[in-house]
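Shown next, in structure tokens, is the structure this report addresses.
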Amino acid sequence: MLDGELQHKMPIVTFLSDFGTSDGFAAAMKGVVLDLCPGVQIVDATHEIAPGDIEAAAWTLSQYWRLYPAGTVHLAVVDPGVGGARQPMALVADQRYVVAPNNGLVTHVVRAAASWCCVEVAEAAYMRPEPSSTFHGRDIFAPAAAHLAGGLPLERLGPPLEEPCLLEMEPPERREREIRGRVVHVDRFGNLITDIPGGWVDEMWRFEVAGHDLGSRRRTYSDVGAGELLVVIGSAGTVEIAARDSSAAKVLGAARGDPVVAKRRLGEAG
Amino acid sequence: MLDGELQHKMPIVTFLSDFGTSDGFAAAMKGVVLDLCPGVQIVDATHEIAPGDIEAAAWTLSQYWRLYPAGTVHLAVVDPGVGGARQPMALVADQRYVVAPNNGLVTHVVRAAASWCCVEVAEAAYMRPEPSSTFHGRDIFAPAAAHLAGGLPLERLGPPLEEPCLLEMEPPERREREIRGRVVHVDRFGNLITDIPGGWVDEMWRFEVAGHDLGSRRRTYSDVGAGELLVVIGSAGTVEIAARDSSAAKVLGAARGDPVVAKRRLGEAG
Amino acid sequence: MLDGELQHKMPIVTFLSDFGTSDGFAAAMKGVVLDLCPGVQIVDATHEIAPGDIEAAAWTLSQYWRLYPAGTVHLAVVDPGVGGARQPMALVADQRYVVAPNNGLVTHVVRAAASWCCVEVAEAAYMRPEPSSTFHGRDIFAPAAAHLAGGLPLERLGPPLEEPCLLEMEPPERREREIRGRVVHVDRFGNLITDIPGGWVDEMWRFEVAGHDLGSRRRTYSDVGAGELLVVIGSAGTVEIAARDSSAAKVLGAARGDPVVAKRRLGEAG
């Protein structure tokens, strides 16, 4: 068992959703967790994922799941298919748990984990009685997270799920003189975060987005003047396009999914 | 005493307001609670109630108050009349506390509770010294919540309040062939949540909103195609009008307060 | 040492930023804090400071830092200069800690504190290995906050910083018959909070903003009719201009930095 040895002295449940906060849905789920797992600390990751945006939720989860202590339970509910065919799932990956709908939300966790193990959440004993058909967050996901935080072994929640649903993502391509990737996330500051690993590029590569030549990578934002575009290795370890004290997304009119190309300067060997 | 037996091993204070977070008002209140009740866990319900919208706050509170462990203190401050004639109040309902301005915010709690008991918060010993006239949240409500969370008996806060202010709400009407209710809340997804109890309707009832025939109730969102309108029994147990992967509020141009009518199909007995 | 005697039985870290929540940056920092300081309670102050608005962040921090228990660590990251010349800093002021970039964010804390002591955060042993150049929040500030919350003496983080960067602010002026101040913050409700101390004015002073005569100070919002402008002493203890159940900022077209003038009525002595 991957999770057999995890400690539960100070259980932590983090919580990501697209619920916003003003309807009380997130508050309801937190109540369920606190009621079933006394002493748990609940940490709001975010409730501001755009409604139904599984891809954004998966990216956001990837930014924090492994930074929490071993044993942490990450509750992540962006669930446009609630009540339909998608199963509720729970997994343990590198000693952290994730409880989520099986709709691709765990894509980056599964791809980044050294080892993982996944189950369908199916055991009615660990749900609220008579779950509603429109709010599995409160009636299925929150109780499952609470029970895991309280020490329940993962396999008690339901049968193994061999192949969790993963989002299809074209990986970045690397050739001798050209790299092709994509904008995978636009953050609050308008930075364009790409899927191109920082380790692939040095100062010999020039970047292009939306017809703009962005030059080669810099060290940090303040290496250029206010409003100027630049390329850095971002905090996720991938290439990021930014505009100092401004929004690269606005300056470039760029959005998630847009191609990013890097070309190695001619005449200079790697 | 209703609250005499409540345990306070891990005190919890939840917090709902219309303060937003960026001015530091909510943070100030949390500091006051933590200072007066060491070891309390503070849970943000929401700070995004529309400014002064007591009706929305009352609805949101109704979605979560009873899901928390017995002894939880729900601090709820939407207080357009601060400094005026409305009193500060505290109540215990079914073993959970609510601390709020006496302006209707507790309407659904009082109506749903099996038993409740209410006091005016009047005892200066449990306020901050020299309360400001514009921020009772920090100077009166937060200290009262902290003291209750720490185990102070409710009646120590002030004299009984026999009739707390309740919002007037026309109840839904049920006749043999017609039900008339209202949209009581529009959630973040644009779902129209009504006051019509789910138990009143089966598949023989057809719904109408804003001149649209919505058909009879379905089981869940995915029973219709993307963008289509449908009627379900929502997570609050009442009739809800939704549009799959879309906003029913936008599609129908509907808002809180709008009438919802259901008609029983002719020729079919109940 | 100012911080030698602080207790750390229930460590608290509050967190203010301009990160929003939906990118996972705040969640990442909270994970780092929880991993390095088991048992800490994390309190979200706000993540909704306008991107890069150091002045707003400094004001917001001023509203809550001293209300928390002695020993609390206030993590505050609005850091447009990340990776540039500004140093990371930590200070203890009146028994509360602040960890922040050295860019003026602590201005009001330093000015209000009876005593304070400040260091540069420079010791690599208390950072994450190989800090990124774009996310010091996660790699430098969060670890420093966690170590302080866990009991590390301030001076272990780095060398003394004698003169932390402070925002330049023109103080309000008081003459016999005229007071001149400024709007220092506009809150969510559109209230205009000024830098004029409440103690400077009584009912004999008349206020003017943007060419409007606002009359003399009132006790609270409900002293005027709905929509009407008024002057009160706000919860920060300074003069505040409000519109009952409305936004003074909108009614007056006023913004942060705008001048506020008060004139003493002629013929009446002070």
Side-chain angles (χ1 to χ4, degrees), chain A residues 7 9-10 12 14-18 21 39 41-50 53 56-70 72 74 96 108 185-191 193 198 218-223 226 230 232-237 240 242 244-247, chain C residues 10-13 15 17-54 77-86 101 103 128 130-140 142-143 146:
Chain A
Q7 298 289 323
K9 283 178 195 164
M10 188 199 64
I12 298 168
T14 79
F15 188 5
L16 169 152
S17 78
D18 62 349
T21 58
Q41 181 172 176
I42 294 179
V43 177
D44 288 302
T46 185
H47 302 294
E48 304 303 329
I49 299 293
D53 192 342
W59 189 88
T60 297
L61 178 61
S62 77
Q63 299 305 295
Y64 66 83
W65 71 279
R66 215 185 334 217
L67 294 171
Y68 283 74
T72 295
H74 298 296
R96 282 81 182 170
H108 298 293
H185 189 74
V186 179
D187 74 18
R188 187 193 198 201
F189 302 96
N191 297 319
I193 299 165
R218 312 284 187 133
R219 200 185 56 82
T220 194
Y221 305 129
S222 45
D223 288 349
L230 79 158
V232 291
I233 307 307
S235 59
E240 179 181 318
R244 185 177 177 186
D245 300 335
S246 180
S247 162
Chain C
M10 188 197 64
I12 297 169
V13 172
F15 187 6
S17 77
D18 63 348
F19 293 158
T21 59
S22 63
D23 301 311
F25 304 147
M29 286 178 62
K30 293 194 261 191
V32 169
V33 171
L34 282 160
D35 196 42
L36 290 173
C37 184
V40 67
Q41 180 171 175
I42 294 178
V43 177
D44 290 301
T46 185
H47 303 294
E48 304 303 329
I49 300 293
D53 191 342
I54 296 165
V77 183
V78 172
D79 194 16
V82 59
R86 71 95 193 92
N103 61 13
R128 277 168 52 88
E130 299 182 41
S132 79
S133 56
T134 60
F135 194 7
H136 286 186
R138 181 189 65 191
D139 299 339
I140 297 178

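Letters go in sequence order (proteins before strands), and every chain restarts at 1. Below, all heavy atoms of this structure are taken into account, side chains as well, without hydrogens, waters or symmetry copies.
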Problem set entry | Which portion of A/D187 sits near chain C, non-hydrogen atoms under 4.5 angstrom |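 Contact with chain C involves both backbone and side-chain atoms of A/D187.
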Exercise. Where does A/W65 contact chain C at under 4.5 Å (heavy atoms): side chain, backbone, both or neither?
Worked result: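 Contact with chain C is absent: no heavy atom of A/W65 under 4.5 Å.
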Problem set entry | With sequence neighbours excluded, residues passing side chain to side chain contact (heavy atoms under 4.5 Å, CB included) with A/L67 | C/A28, C/V32, C/R128, C/R138
Exercise. Is there a donor-acceptor contact under 3.5 Å from the side chain of A/R219 to the main chain of C/G83?
Worked result: yes
Problem set entry | Any donor-acceptor N/O pair, A/T60 side chain to C/S22 backbone, under 3.5 Å |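 It does hold such a pair.
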Interchain contact, [X] with chain A, by part (heavy-atom threshold 4.5 Å):
X      : answer
C/D139 : neither
C/P38  : backbone
C/T21  : both
C/F19  : both
C/V43  : neither

For this session: Write down the atom of C/E48, the atom of A/R188, and the distance for their closest heavy-atom approach.
Result: OE1-NH2, 3.5 Å
Exercise. How close do A/F189 and C/D18 get, heavy atom to heavy atom, and via which atoms?
Worked result: CZ-O, 3.3 Å
Exercise. Are A/H185 and C/D23 close enough that some pair of their side-chain heavy atoms sits under 4.5 Å apart?
Worked result: yes
From [X] atom [atom1] to [Y] atom [atom2], the distance as rounded to the nearest 0.5 Å:
X      : Y      : atom1 : atom2 : value
A/Y68  : C/L34  : OH    : CG    : 6.0 Å
C/S133 : A/D223 : OG    : CG    : 8.0 Å
C/S132 : A/I233 : OG    : CD1   : 11.0 Å

Exercise. What pairs meet the side chain to side chain donor-acceptor pair (under 3.5 Å) rule with one or both residues in residues 25-41 of chain C, with sequence neighbours excluded?
Worked result: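 As it turns out, the side chain to side chain donor-acceptor pair (under 3.5 Å) pairs with a partner in residues 25-41 of chain C, which skip direct neighbours, are C/K30-C/D44.
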For this session: Sort out for me which of A/G237, A/A236, A/P69, A/S222 touches chain C most, counting heavy-atom pairs under 4.5 Å.
Result: A/P69
